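Working notes, beginning with the structure itself.
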Amino acid sequence: MTELMTTQAGDPGAFRDFDLTRVPSPCFVVDAAAVEANLAILRHVADASGAKVLAALKAFSMFSLAPLVSKYLDGTCASGIYEARLGREEYTGEVATFCAGYKDSDIDEIIALSDHVIFNSIAQKDRFLVKCQAAGVQVGLRINPEYSVGDIAKYDPAAPCSRLGVPISQLTPEAFTGVDGVHMHVLCEQGVDPLLHVWSAVEFKLFPYFEQLKWVNFGGGHHITRADYNRDVLIHLLKDIRIKYDMDVMIEPGEAVALDAGILVGEILDTFTNDMNIAITDISATCHMPDVIEAPYRPAMLAEASTGTTYRLGGPSCLAGDVIGDYTWSDPLTVGQRFAFLDQAHYSMVKTNTFNGVPLPAIALWNSKTDALQMIREFSYSDFKDRLS
């Protein structure tokens with residue numbers, strides 16, 4: 001049996017009092033007030049440490065909140081040409097772009113959109129260096145610290161045979177030709193202690209190059225807005241590096257921007273038994289929450305009962321493994337009954353797909369302080385058909 005990934009998120013916050021029938025089903029509902037509270041924490045870290053904080057669009061790219069994000073953070077980081085364009089068009093501040101491999105047909109536009117272009121290999125850096133320098137764009141090199149702190153191999157960029165970053169043991173002075181900064185991303189939903197361990201492992205090895213470098217970017221995976229995260233230690237670390245080596249320091253939180261700030265509302269379509277109680281919902285793990293299968297993990301449910309009737313929840317697709325998990329209600333379920341999964345604003349929203357023609361969830365923006373509710377997007381058949389031609 002596959003071990004489930006452990007996640008610390010799942011605080012219902014103001015959603016305890018949200019009426020799930022106010023939105024269509026399925027529907028992502030994002031609390032703007034909760035997002036702003038997270039952003040305020042990130043801004044404090046930036047101000048207290050002097051570091052730059054960039055929002056990772058790969059995790060949360062709901063650009064209707066771009067003005068709010070831009071009010072607090074220093075820019076965005078992108079994982080490819082479309083995210084770079086979104087960051088430049090909808091947000092303010094810097095755009096830092098990293099991709100495991102750039103295409104010749106894309107690189108000119110990526111350079112035009114970006115302030116930093118970060119390369120995954122020495123070969124790609126050398127290949128496009130002249131173009132970046134001619135455009136006045138800073139050049140970064142992603143490194144693999146060869147020091148693992150991740151619990152799940154598929155989310156560990158420093159795992160053996162990783163395709164991400166130049167192994168630190170392969171770095172030479174020649175490799176740093178034209179390099180303005182280094183990037184390392186080794187965390188996944190973690191506190192500050194693993195970052196301290198990684199820095200201790202790489203600081204001495206990078207020391208010969210610090211005089212040349214203008215910045216170091218610690219990537220994402222920092223659960224900074226979680227209640228138990230030791231932000232004082234993070235602030236001290238970032239500030240110390242910035243002052244000690246006289247260079248800019250950056251972090252790229254994504255999940256932390258929208259942690260516990262959104263739910264995915266669903267509806268029960270049918271119930272039956274097959275050795276246990278089964279419930280079919282209009283939420284599909286494979287279409288709407290693919291990390292449930294990929295990680296895998298069990299998403300927390302709003303107001304789940306500790307005792308009562310347990311059901312195995314599954315989606316409407318034909319995939320036999322389209323199963324979300326086993327959940328308990330105090331009373332037997334009825335067709336049409338609403339429920340919601342917690343902490344679904346990040347990653348789930350950007351990973352949705354239309355496999356089997358399953359409709360995409362709508363997107364709503366709620367403000368828990370004012371109770372204002374706005375439907376941002378409702379999807380239709382054309383969103384499925386137009387992708388296929």
Side-chain angles (χ1 to χ4, degrees), residues 35 38-39 41-43 45-46 49-63 65-102 106-107 109-120 124-125 128 132 137-144 155 157 164-165 179-190 195 198 213-225 234 238 242 247-259 345-347 349-351:
V35 172
N38 286 336
L39 291 169
I41 291 172
L42 296 174
R43 184 69 254 161
V45 169
S49 68
K52 295 181 180 181
V53 179
L54 309 178
L57 296 182
K58 65 182 176 183
F60 185 67
S61 52
M62 186 177 175
F63 61 90
L65 286 175
L68 182 63
V69 173
S70 298
K71 175 182 173 183
Y72 285 91
L73 303 189
D74 299 292
T76 56
C77 64
S79 301
I81 189 167
Y82 289 161
E83 285 186 2
R85 183 173 174 181
L86 185 68
R88 184 59 70 200
E89 289 181 352
E90 300 292 341
Y91 297 77
T92 62
E94 299 182 14
V95 176
T97 304
F98 164 80
C99 186
Y102 294 105
D106 291 344
I107 193 65
E109 184 176 357
I110 285 172
I111 290 172
L113 292 167
S114 307
D115 297 286
H116 299 169
V117 176
I118 301 163
F119 294 96
N120 190 56
Q124 281 232 317
K125 183 267 297 182
F128 298 121
C132 288
V137 171
Q138 292 200 16
V139 172
L141 186 66
R142 178 165 178 167
I143 65 169
N144 174 355
Y155 295 119
L164 296 172
V179 172
D180 298 298
V182 292
H183 180 283
M184 62 188 90
H185 179 158
V186 294
L187 305 185
C188 177
E189 296 188 358
Q190 288 171 293
L195 180 62
V198 171
L213 298 178
K214 299 175 183 176
W215 49 266
V216 59
N217 186 328
F218 287 107
H222 316 273
H223 250 196
I224 300 168
T225 52
L234 176 67
L238 300 180
R242 182 178 61 82
M247 60 182 175
D248 287 336
V249 178
M250 302 172 211
I251 53 174
E252 299 175 336
E255 192 165 312
V257 172
L259 190 69
H346 55 82
Y347 282 112
M349 193 186 302
V350 298
K351 285 189 169 187

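The first residue in the sequence is number 1, and the count goes up from there. Just the heavy atoms: all of them, side chains too, but no hydrogens, waters or symmetry mates, feed the values below. Everything numeric here is computed off the predicted structure, so don't read it as measured data.
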Residues His183, Glu252; criterion side-chain hydrogen bond (donor to acceptor under 3.5 Å, both in side chains); working and verdict
CA-CA 10 Å; His183 180 283; Glu252 299 175 336; 3.1 Å; yes
Flag, side chain of [X] to backbone of [Y], donor-acceptor distance under 3.5 Å:
X	Y	result
Asn120	Gly165	yes
Arg85	Ile110	no
Asn38	Leu259	yes

When rounded to the nearest 0.5 angstrom, what is the spacing between NE2 in His222 and CG in Leu234?
7.5 Å
If you look at every heavy atom in [X] and [Y], which pair is closest and at what distance?
X	Y	value
Leu54	Glu94	CD2-CB, 4.4 Å
Asp74	Ala51	OD2-O, 4.0 Å
Cys188	Tyr155	SG-CB, 3.9 Å
Ile118	Trp215	CG1-CH2, 4.0 Å
Ala55	Val257	CB-CG2, 4.4 Å

Could you check Leu213, Val182, Asp180 and say which one makes a side-chain contact (heavy atoms from CB on, under 4.5 Å) with Met247?
Leu213
Could I get the full list of ring-ring contact (aromatic ring centres under 6.0 Å, His included) partners for Phe60, not counting sequence neighbours?
none
With a 4.0 Å cut-off on N to O distance, would you call Lys58 and Glu83 a salt bridge?
no
Sequence-distant partners of Ile41, side chain to side chain contact (heavy atoms under 4.5 Å, CB included), two or more places apart:
Ile224, Thr225, Arg231
For the pair Phe98 and Phe119, evaluate ring pair (Phe, Tyr, Trp, His ring centres under 6.0 Å) and give the outcome as yes or no after the intermediate values.
CA-CA 6 Å; Phe98 164 80; Phe119 294 96; 9.2 Å; no
Between His223 and Glu255, is any side-chain donor less than 3.5 angstrom from a side-chain acceptor?
yes
Is there any side-chain hydrogen bond (donor to acceptor under 3.5 Å, both in side chains) pair reaching into residues 109-119, and which pairs are they, with sequence neighbours excluded?
Arg88-Asp115, Thr97-Ser114
